[in-house]
S.K.: 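This is the structure I have questions about; it appears just below.
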Amino acid sequence: MCAFFLLPHLYIFTKFAQNFVAMEYNFSEIEKKWQNYWKDNSTYKVEIDKSKPKCYVLDMFPYPSGAGLHVGHPLGYIASDIYSRYKRLCGFNVLHPMGYDSYGLPAEQSAIQTGQHPAVTTTKNINRYREQLDKIGFCYDWSREVRTCDPKYYKWTQWAFIQMFNSYYDNDADKAKPIAELIAKFEKNGSSVNAASSESLSFTASEWNSYHEKRKQSILMNYRIAYLSDTRVNFCPKLGCVLANDEISEGLSIRGGYPVEQRVMRQWSLRVSAYAQRLLDGLDHLDWSDSLKETQRNWIGRSEGTEMKFKIKGLDVDFEIFTTRADTIFGVTFMVLAPESDYVEKVTTKEQRAAVDEYLAAVKRRTERERLADRKVTGVFSGSYAINPLTNEEIPIWISDYVLSGYGTGAIMAVPAHDSRDYAFAKHFNLPIIPVIEGCDVSEESFDAKDGIMTNSGFLNGKNVKEAIAATKVYVKEHNLGRVKVNYRLRDAIFSRQRYWGEPFPVYYKDGVPYVMDEKSLPLELPEIENFLPTASGEPPLGHAKNWCTQEGYPYELNTMPGFAGSSAYYLRYMDPSNNNALVSHEANDYWQNVDLYLGGTEHATGHLIYSRFWNKFLFDLGVVCKDEPFQKLINQGMIQGRSNFVYRIKDTNKFVSYNLKDQYEVTPIHVDVNIVSNDVLDLEAFKNWMPDYKNAEFVLEDGKYICGWAVEKMSKSMFNVVNPDLVVERYGADTLRLYEMFLGPLEASKPWDTNGIDGVHRFLKKFWSMFYNNDQLNVSEDNLTAEELKSLHKLIKKVTFDVENFSFNTSVAAFMICLNELSSLKCNKKEALETICILLAPFAPHISEELFHALGHNTSVCDAQWPKYDESYLKESTKKYAISFNGKVKSTMELPADMSKEDVEKTVVSSETVSKILAGKEIKKIIVVPGKIVNIVF
RNA sequence: GCCGAAGUGGUGGAAUCGGUAGACACGAAGGACUUAAAAUCCUUUGAACAGAAAUGUUCGUGCGGGUUCAAGUCCCGCCUUCGGUACCA
């Protein structure tokens, strides 16, 4: 009996406790619940729906590295997720896919080191990425996932290559056309075609028709958009492979420290340069930042200039130079050839041979980047002289690595008086400097400016620079000394890699001549091999593959494609990911068109973003896609930098001194794992367990705490400053992570990750939750909103709408906080307001919004609600607070009617007591009234 | 070197069109509640000087100049940091 009486008490107590716990903001339960709900209901699956306008929001897909995601990765994903959810709430049919750029060097390096197959590593990494991404609650339609290493995907990468191989660029039509059309032209008219080519060839129709197959193929190679040619690479003989500039430091490979040299190799290239002008023009219509457009413009580097022929004294060769400053031709005092120039052989005299060879050997050891970055002046005299075509003067020909073979003609006319690099060279080798612009002083430095009046310049004297350039062009043309030419800095893309983990080329060799495979037999799958190193004979890893040849026994290409191959058209594949008959169907492409918003880092500005545009334009020429630009709007999210923490070890001890006391000792700063530091306070026990060395560490504390120092550095394992998003999600929830990443600062700025502020946004979410629940009960009022509440709410709607449209997510989070602060001080728990905020907050914090939206009685997802509209009439202010300033300094404020005229404001202010007090009888010289804002009185 | 971006309190940042610099948040200090802790709530918080206080004065947006009634914002010249620089992705 006794027990029976006691039970109800106990029951009530536990029931109460349970409810109390359940009704607290239990993010982990809520997030799991709604992630499952979205999955079960395919909430984020999207299909073509012609009744709705489309919106395509794309993230740059990640390379799944072994380190997993750190908190920097999701920054852009969260921003694009917010935008996607916002557009959906506004009634758009939103395509928001995700996939993996899964071919690449790290997986291959890891295979070499650990023996684990890159496919295994990659799959493992992808699964890890997916697990991490899923926890953050993104609205990706995963049914559209693509992986660049999947044969079903790279079939279309190979297909595109075949199209490029089978196309040439018609300069008259300004588009790519089938190579068959070019052949027809050759058969009819010979080489007189206006087509993009590696070198200009000359043959008649009958000559063409008489050529053998092999010769014809070699000529066609000169025109194909995907073509084979000799290119210069950084080769490391010891590693047996080509290295990126990044993999080399001071002439040695970073891996192993072996010597690297410049070597010529026969490689596939893509004729991106044919598209240079279109890539430039296309920028005008894109909604990209000016700085990014500027970067691309500089990269493409269009310059209009003159190509001029110089004769060489005593030799029957003349060579061409390119210059944008034809006007300075009378100031030429020497010529410079790039060390790689074909002319070097021809102009080097016997006497200079040894010196030139020595110089060339030294240059071979330096990468292009080192050559450009280095200010040291080096060079060697070739022994020959060129003849200035205008003055007939003899000028020495030098060889120097500040001239690059890849740009222009690989030879320059040096005008030391008016070019700083030529000037440095002339000073160093004591060559003459002749100024050709009136009144300039070249005793200390060159005069590079393009203005002034010409002097020392024969028929150009008295003209200004602009006129002189034009006059020289005319002269050069008339005297057959050269031609006017547009030059681009943009080079063709080298498309071969001597690696395993990449797309195989759909190419086989017959009698040494490359042929592409039949499209129907695609994909050509990457063969299994066991050794990922180059073969003993120096061939790429695919040389190890067994039976790597066609059925007829013709060997396949041993190179594979580079990283950018798979990432150049992936955005098209998302539109129609499982289509086995086309890269993308016309129907899907017609509907989705191109990407409305593309989000990614600036590091892709000149790589991926040029290649993708090129690739898309090529497909546009083929009629495969309907838009000639892939990414209409582009936003670069900033880098998340690491915030490292330091402990200070007293010299020769195992004793660590707190930050503010460290100056009293001789200390060494040591990186400490940021995950055992909270608000810069070190967890002493965790530190002792962190590494065996610190097990017996002693501490000198301040106020009982160990305070760590800090610094902003790159986020990396070696700095112990990597923060994993999973840990943040576990501790605070995905909604807090999302909100905090946005609150951290402007999307486009790079900023350090600092967990210190995360409590603020977490408190905000708890506060929002507590506005719905009072103890264990949902406590929401049905009352109408007051004018003040309406104003606060509509201010929020207006601000968030504006901010999301402008990708200013940090300020929209602040706006939410302001609104909640206002409503809670008004003790507002009215449904009308809370429901609206739920919808506004849903793109930012989808889980809590979904939970509370349902708590308010809805049984459909908040994702399908309608974005609220603000009503300007609630926002009207009857009065305005004017700042009253004197000579620009604000001294007081005044509350005046909002609709008061400028004149009345002036009158009221001038006649006011405060103003006359401050003026103290001084005379007013001028009054400026800015309506609604400020009055400035000048005295 | 070249190209691009950025520098604002102890910290992250706000100021959207040249118009009250420091919104919002963190941290810190003090207080309330609690046996205590956590959580929550309240107050203060750019610096210097003066004042018992209300408050006032001056300085202040990397540095040096300039334009303007008015500059974090525009112009010129520097410094520092970050990204790219063509095979890392």
Side-chain angles (χ1 to χ4, degrees), chain A residues 24 60 62-63 65 101 103-106 109 233-234 241-247 267 272 289-292 294-295 297-299 301 368-369 371-375 402 406 420-421 489-499 562-564 567 601-608 610-611 636 638-639 641 643 679-680 710 712 714 740 743-746 748-761 763-764 766-767 770 802-803 806 808 810-811 813-818 821 881-893 925-928 930 932-938:
Chain A
E24 259 186 19
M60 288 185 186
Y63 174 80
S65 85
D101 185 12
Y103 269 139
L105 204 47
Q109 296 294 354
V233 293
N234 306 312
C241 67
V242 176
L243 297 175
N245 286 326
D246 274 16
E247 299 173 286
Q267 306 209 81
V272 180
S289 72
D290 289 338
S291 62
L292 182 57
E294 196 56 21
T295 302
R297 285 194 187 106
N298 289 330
W299 187 258
E368 192 176 52
R369 198 188 303 175
R371 283 167 57 175
L372 280 171
D374 203 344
R375 277 204 241 175
Y402 79 93
S420 52
R421 287 159 309 176
R489 208 183 72 99
L490 183 70
R491 306 204 290 246
D492 288 345
I494 302 175
F495 203 61
S496 297
R497 297 293 182 268
Q498 294 70 47
R499 316 275 189 197
F564 70 83
S567 60
T602 38
E603 67 272 22
H604 298 289
T606 54
H608 164 61
I610 290 270
Y611 298 131
N636 289 126
M639 293 265 291
Q641 293 155 301
R643 187 180 187 278
N679 287 335
D680 292 334
W710 61 274
V712 173
K714 203 175 154 166
Y740 185 56
F743 191 54
L744 216 46
E748 305 199 56
S750 63
K751 55 233 163 214
W753 176 263
D754 180 356
T755 319
N756 288 351
I758 200 165
D759 290 312
V761 290
R763 270 175 214 149
F764 160 77
K766 282 202 274 192
K767 188 170 185 173
S770 70
F802 182 85
D803 282 351
N806 290 285
S808 178
N810 55 330
T811 51
V813 176
F816 279 115
M817 290 171 169
I818 293 168
N821 288 347
K881 199 170 139 199
Y882 278 81
I884 312 299
S885 62
F886 295 81
N887 289 338
K889 284 186 183 179
V890 177
K891 299 276 180 185
S892 134
T893 57
K925 282 191 192 146
K926 197 173 174 185
I927 297 181
I928 291 103
V930 182
K933 284 189 173 155
I934 197 166
V935 178
N936 191 17
I937 298 167
V938 186

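From a predicted model like this one, the values you see are computed outputs, not experimental measurements.
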S.K.: Any idea which of A89(B), G4(B), U16(B) is nearest the His604(A) side chain?
M.R.: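 Among A89(B), G4(B), U16(B), the one nearest the side chain of His604(A) is A89(B).
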S.K.: If I pick the P atom on U73(B) and the same atom on G19(B), what distance separates them, to the nearest angstrom?
M.R.: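 Their P atoms lie roughly 11 Å apart.
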S.K.: If we ignore hydrogens and angles and just use 3.5 Å, is the side chain of Asp754(A) paired with the main-chain N or O of Asn756(A) as donor and acceptor?
M.R.: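 Looks like yes, one N/O pair under 3.5 Å.
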S.K.: Assign each of Glu294(A) and Ser885(A) to its nearest nucleotide of RNA chain B by heavy atoms, then name whichever residue's nucleotide is nearer the 5' end.
M.R.: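 It is Glu294(A) whose nearest nucleotide is closer to the 5' end.
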S.K.: Just call it for Asn821(A): base, sugar-phosphate, or nothing, with non-hydrogen atoms closer than 4.0 Å on any strand.
M.R.: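 Result for Asn821(A) = sugar-phosphate.
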S.K.: Classify the side-chain pair Ser567(A)/Asp101(A) by whether it contains a donor and acceptor separated by less than 3.5 Å.
M.R.: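 Side chains of Ser567(A) and Asp101(A): no pair found under 3.5 Å.
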S.K.: Between Lys766(A) and Glu24(A) (side chain of the first, backbone of the second, donor and acceptor by atom type, cut-off under 3.5 Å), is there such a pair?
M.R.: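 Judged by distance alone, no pair lies under 3.5 Å.
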S.K.: Respond yes when some side-chain nitrogen or oxygen of Arg499(A) is under 4.0 Å from OP1 or OP2 of A89(B), and no when none is.
M.R.: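 Checking A89(B) against Arg499(A), no side-chain N or O comes under 4.0 Å of OP1 or OP2.
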S.K.: Using the P atoms only, state how far C42(B) lies from A25(B), rounded to an integer number of Å.
M.R.: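 Result for the P pair: 11 Å, nearest Å.
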S.K.: For nucleotides A39(B) and U44(B), find the distance between their P atoms and express it as a whole number of Å.
M.R.: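 Nearest-Å result for A39(B) against U44(B) at atom P: 22 Å.
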S.K.: Asn636(A) side chain to Glu748(A) main-chain N or O, any donor-acceptor pair under 3.5 Å?
M.R.: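 Here the side-chain-to-backbone pair does not exist.
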S.K.: Among the nucleotides G83(B), C87(B), C59(B), which one has an atom lying closest to any side-chain atom of Arg497(A)?
M.R.: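 Nucleotide nearest to Arg497(A)'s side chain: C87(B).
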S.K.: Specify the separation, in whole Å, of atom NZ of Lys767(A) and atom P of A39(B).
M.R.: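 Going from Lys767(A) (NZ) to A39(B) (P), I get 16 Å.
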S.K.: Please tell me whether Phe743(A) and Phe764(A) form a close aromatic pair, meaning their ring centres lie under 6.0 Å apart.
M.R.: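 That pair fails the under 6.0 Å test.
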S.K.: With rounding to whole Å, what would you report as the distance between C82(B) and G13(B) at their P atoms?
M.R.: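 Straight-line distance between the two P atoms is 16 Å.
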S.K.: Of the nucleotides U85(B), A89(B), C24(B), which one has an atom closest to the side chain of Trp299(A)?
M.R.: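 Of the candidates, U85(B) comes closest.
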S.K.: Grab the CD-C1' distance between Glu603(A) and G84(B) for me, whole Å please.
M.R.: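 After rounding, the reported distance stands at 9 Å.
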S.K.: Is any side-chain nitrogen or oxygen of Arg489(A) closer than 4.0 Å to OP1 or OP2 of U85(B)?
M.R.: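 Checking U85(B) against Arg489(A), no side-chain N or O comes under 4.0 Å of OP1 or OP2.
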S.K.: Can you tell me, in whole Å, how much space there is between the C1' of G7(B) and that of C63(B)?
M.R.: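 Going atom to atom, C1' in each nucleotide, I get 11 Å.
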S.K.: Side chain of Lys751(A), backbone of Ala749(A): donor and acceptor closer than 3.5 Å?
M.R.: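 Yes, because the side chain of Lys751(A) sits within donor-acceptor range (under 3.5 Å) of the backbone of Ala749(A).
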S.K.: Would you please confirm or rule out a distance under 4.0 Å between OP1 or OP2 of A86(B) and any side-chain N or O of Arg491(A)?
M.R.: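 So the side chain of Arg491(A) is outside the cut-off, no N or O lying under 4.0 Å from OP1 or OP2 of A86(B).
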S.K.: Quickly work out the Ile610(A) CD1 to A86(B) C1' distance and round it to whole Å.
M.R.: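 So the CD1-C1' distance, Ile610(A) to A86(B), works out to 10 Å.
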S.K.: Should Asn245(A) be listed as having a side-chain N or O under 4.0 Å from OP1 or OP2 of U85(B)?
M.R.: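 No, Asn245(A) has no side-chain N/O under 4.0 Å of OP1/OP2 on U85(B).
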S.K.: Let me confirm one number: the CZ-CZ distance from Arg297(A) to Arg489(A), rounded to the nearest 0.5 Å.
M.R.: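 Here the interatomic distance stands at 15.0 Å.
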S.K.: Counting the atoms with a prime plus P, OP1 and OP2 as sugar-phosphate, which does Pro62(A) contact under 4.0 Å by heavy atoms, base, sugar-phosphate, or nothing?
M.R.: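 Nothing, no nucleic acid heavy atom in range.
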S.K.: Nearest whole Å is fine: how far is C17(B) P from Asn806(A) CG?
M.R.: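 Spelled out: CG on Asn806(A) to P on C17(B) is 10 Å.
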S.K.: Where the side chain of Lys766(A) is concerned, which of G4(B), U40(B), A23(B) is the nearest nucleotide?
M.R.: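 Among the listed nucleotides, the one closest to the side chain of Lys766(A) is U40(B).
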S.K.: Categorize Phe564(A) for me: base, sugar-phosphate, or nothing, with a 4.0 angstrom heavy-atom threshold over every strand shown.
M.R.: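 Answer is nothing: Phe564(A) stays at 4.0 Å or more from every strand.
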S.K.: Is there a donor-acceptor pair closer than 3.5 Å between any side-chain N or O of Arg499(A) and the backbone N or O of Ser496(A)?
M.R.: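 No, because the side chain of Arg499(A) does not come within donor-acceptor range (under 3.5 Å) of the backbone of Ser496(A).
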S.K.: Applying ring pair (Phe, Tyr, Trp, His ring centres under 6.0 Å), run through Phe564(A) and Phe495(A) and close with a yes or a no.
M.R.: CA-CA 9 Å; Phe564(A) 70 83; Phe495(A) 203 61; 5.5 Å; yes
S.K.: Could you check if the base of G9(B) is syn or anti? Syn means the glycosidic torsion is within 90 degrees of 0.
M.R.: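 That one's syn.
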S.K.: Roughly, in whole Å, what's the span from CG in Asp803(A) to P in C24(B)?
M.R.: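 To the nearest whole Å, that distance equals 15 Å.
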S.K.: Would the base of C69(B) count as contacting Asn936(A) through its side chain, where contact means a donor and an acceptor less than 3.5 Å apart?
M.R.: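 Flag set: donor-acceptor pair detected.
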S.K.: What nucleic acid atoms does Leu490(A) come within less than 4.0 Å of, heavy atoms only: base, sugar-phosphate, or nothing?
M.R.: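 Counting heavy atoms under 4.0 Å across all strands, the contact made by Leu490(A) includes a base.
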S.K.: If you check every side-chain atom of Pro752(A), which of G13(B), C88(B), A23(B) has the closest atom?
M.R.: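 From the listed options, G13(B) comes nearest.
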S.K.: Any side-chain N or O of Lys926(A) less than 4.0 Å from the OP1 or OP2 oxygen of C69(B)?
M.R.: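 Lys926(A) to C69(B) OP1/OP2: side-chain N or O found under 4.0 Å.
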S.K.: Using the purine O4'-C1'-N9-C4 or pyrimidine O4'-C1'-N1-C2 torsion, is C24(B) syn (within 90° of 0) or anti?
M.R.: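 That one's anti.
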S.K.: Quick one: label Val938(A) by what it contacts on the DNA or RNA (base, sugar-phosphate, nothing), any heavy atom closer than 4.0 Å.
M.R.: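 Counting heavy atoms under 4.0 Å across all strands, the contact made by Val938(A) is with sugar-phosphate only.
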S.K.: Given U58(B), A15(B), G13(B), which nucleotide is nearest the side-chain atoms of Thr811(A)?
M.R.: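 Minimum distance to the Thr811(A) side chain belongs to A15(B).
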S.K.: Measure from the side chain of Arg763(A), starting at C-beta and using heavy atoms only, and say which of G27(B), U20(B), G4(B) lies closest.
M.R.: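 Output: G27(B).
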S.K.: Output the rounded distance in Å from CD (Gln641(A)) to P (C82(B)).
M.R.: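 In whole Å, C82(B) P lies 8 Å from Gln641(A) CD.
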S.K.: Mark yes or no for whether Tyr882(A), through its side chain, and Val935(A), through its backbone, hold a donor-acceptor pair below 3.5 Å.
M.R.: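 No: the side chain of Tyr882(A) does not pair with the backbone of Val935(A).
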S.K.: Looking for any heavy atom pair under 4.0 Å, which part of the strands does Glu748(A) touch: base, sugar-phosphate only, or nothing?
M.R.: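 Glu748(A): no heavy atom of the nucleic acid under 4.0 Å.
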S.K.: Distance check needed: G13(B) P versus Phe816(A) CZ, whole Å only.
M.R.: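 Going from Phe816(A) (CZ) to G13(B) (P), I get 21 Å.
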S.K.: Can you find a side-chain donor-acceptor pair between Lys767(A) and Asn821(A) that sits under 3.5 Å?
M.R.: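 Present: a donor and an acceptor within the cut-off.
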S.K.: Name the nucleic acid region contacted by Ser496(A), choosing base, sugar-phosphate or nothing; use a 4.0 angstrom heavy-atom cut-off, strictly under.
M.R.: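 Touches a base.
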S.K.: Given C26(B), G12(B), C87(B), which nucleotide is nearest the side-chain atoms of Ala244(A)?
M.R.: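 Of all the options, the side chain of Ala244(A) is nearest to C87(B).
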S.K.: Of the candidate nucleotides G4(B), A89(B), C87(B), which contains the atom at the shortest distance from the side chain of Thr295(A)?
M.R.: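 The answer is G4(B), which lies nearest to the side chain.
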S.K.: When the P atoms of G4(B) and C76(B) are considered, how many whole Å apart are they?
M.R.: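 Straight-line distance between the two P atoms is 13 Å.
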S.K.: Across all strands shown, which nucleotide pairs with C41(B) by Watson-Crick or G-U wobble geometry, both distances under 3.5 Å?
M.R.: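 C41(B) is paired with G31(B).
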S.K.: Closest to the Ile928(A) side chain: A89(B), C69(B), A14(B)?
M.R.: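 The listed nucleotide nearest to Ile928(A)'s side chain is C69(B).
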S.K.: For nucleotides 74-79 of chain B, print each protein N/O atom paired with a nucleotide N/O atom at under 3.5 Å, atom names and distance only.
M.R.:
none

S.K.: Taking the same atom, P, in G31(B) and in A21(B), what whole-Å distance lies between them?
M.R.: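 Pairwise P distance, G31(B) against A21(B), rounds to 34 Å.
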S.K.: With sugar-phosphate meaning primed atoms plus P, OP1 and OP2, does Gly563(A) contact a base, only sugar-phosphate, or nothing at under 4.0 Å between heavy atoms?
M.R.: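 The residue Gly563(A) makes no contact with any strand.
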S.K.: Let me know the distance between NZ of Lys933(A) and P of A70(B), rounded to the nearest Å.
M.R.: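 Taking NZ of Lys933(A) and P of A70(B), I get 18 Å after rounding.
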S.K.: Taking only the P atom of each, what is the distance from G83(B) to G27(B) in whole angstrom?
M.R.: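 After rounding to an integer number of Å, I get 30 Å for this pair.
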S.K.: Would you say Asn234(A)'s side chain and Val242(A)'s backbone share a donor-acceptor pair under 3.5 angstrom?
M.R.: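 Flag not set: sc Asn234(A) to bb Val242(A) has no pair under 3.5 Å.
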S.K.: Kindly indicate whether the side chain of Gln267(A) and the base of C87(B) share any N or O donor-acceptor pair separated by less than 3.5 Å?
M.R.: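 Check passes, donor-acceptor contact within cut-off.
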